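Everything on this sheet refers to the single structure shown next.
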Amino acid sequence: EKMEKAYGTYATEAYKLKFLCQDEVILPEEYKIKIRILLQQMVESDLSDFDFTKNLSMMVKKQLITDEYAKYYEDARLGRQ
């Protein structure tokens, strides 16, 4: 719960996925698929723009996604509005 407040709900989920991949519970390809699904859910969610950006920024900072992914999903979110 503390982690969710600091990182954001979606960033926390992405962080969990990273650990599952590192521990070989899920394969890297499965990680990529799950991250894409999570990011698309973020785009379609009712998160405020501030929280959306906060989650994306934390994911990039913690190396859960690339800058390119962040930009792509930022653009997708803008296109949705």
Side-chain angles (χ1 to χ4, degrees):
E1 201 169 297
K2 284 183 182 179
M3 191 172 172
E4 275 189 27
K5 285 186 180 179
Y7 296 133
T9 305
Y10 289 94
T12 301
E13 285 304 310
Y15 207 62
K16 290 176 187 176
L17 288 172
K18 180 179 180 180
F19 279 107
L20 289 175
C21 186
Q22 285 177 336
D23 292 344
E24 298 180 351
V25 174
I26 62 174
L27 298 171
E29 192 57 39
E30 192 175 355
Y31 171 79
K32 289 178 188 176
I33 292 167
K34 289 181 181 288
I35 285 291
R36 286 185 194 128
I37 291 168
L38 185 68
L39 290 166
Q40 189 59 43
Q41 288 171 344
M42 271 181 61
V43 166
E44 296 169 4
S45 75
D46 60 355
L47 275 179
S48 69
D49 290 341
F50 175 82
D51 286 336
F52 181 82
T53 303
K54 175 183 168 185
N55 275 271
L56 269 187
S57 296
M58 189 55 66
M59 287 182 198
V60 171
K61 182 178 178 181
K62 294 295 181 182
Q63 299 179 336
L64 306 174
I65 63 171
T66 62
D67 287 324
E68 291 80 15
Y69 260 55
K71 177 74 173 122
Y72 175 86
Y73 286 98
E74 281 176 341
D75 290 346
R77 171 101 168 179
L78 288 172
R80 180 193 74 117
Q81 293 175 350

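Hydrogens, waters and symmetry mates are skipped; everything else that's a heavy atom, side chains included, is used. What you see is a predicted model; the values in this text were computed from it and never measured.
- Ion pairing between Lys71 and Asp67 fails under the 4.0 Å rule for side-chain N and carboxylate O.
- With sequence neighbours left out, the side-chain contact (heavy atoms from CB on, under 4.5 Å) criterion links Thr53 to Ser57.
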* To do: Please assess Val60 against Tyr69 for the test side-chain contact (heavy atoms from CB on, under 4.5 Å), listing each intermediate value before the final yes or no.
  => CA-CA 9 Å; Val60 171; Tyr69 260 55; over 6 Å; no

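- Scanning both residues, Cys21 and Pro28, for their nearest heavy atoms gives SG-CA, 3.7 Å.
- In this structure, Phe19 is a member of the same hydrophobic cluster as Leu17, with clusters built from ILVMFWY side-chain heavy atoms closer than 4.5 Å.
- With sequence neighbours excluded, the residues that form a side-chain contact (heavy atoms from CB on, under 4.5 Å) with Glu44 are Gln40.
- Residues Leu27 and Leu64 do not share a hydrophobic cluster, clusters being chains of Ile/Leu/Val/Met/Phe/Trp/Tyr side chains in contact below 4.5 Å.
- Of the inter-residue distances, the one linking Lys34 atom NZ with Glu29 atom CD reads 12.5 Å to the nearest 0.5 angstrom.
- Taking OG1 from Thr9 and CD from Gln41, the interatomic distance works out to 12.0 Å, rounded to the nearest 0.5 Å.
- More than 12 heavy atoms of other residues, nucleotides or ligands shown are found within 6.0 angstrom of NZ on Lys18.
- No side-chain heavy atom of Met58 sits less than 4.5 Å from a side-chain heavy atom of Tyr15.
- How far NZ of Lys32 is from CD1 of Ile37: 14.5 Å, rounded to the nearest 0.5 Å.
- Partner Tyr73 forms a side-chain contact (heavy atoms from CB on, under 4.5 Å) with one of Ile65, Val43, Leu78 and no other, that one being Val43.
- When atom types are taken as modelled, the side chain of Asp51 and the backbone of Leu47 share no donor-acceptor pair closer than 3.5 angstrom.
- The closest donor-acceptor contact from the side chain of Arg77 to the backbone of Met42 lies under 3.5 Å.
- Around the OH atom of Tyr31, the shell of radius 6.0 Å holds more than 12 heavy atoms that belong to other residues, nucleotides or ligands.
- To the nearest 0.5 angstrom, Lys54 atom NZ is 12.0 Å from Met59 atom CE.
- Using a 4.5 Å heavy-atom threshold, the side chains of Leu39 and Leu56 count as touching.
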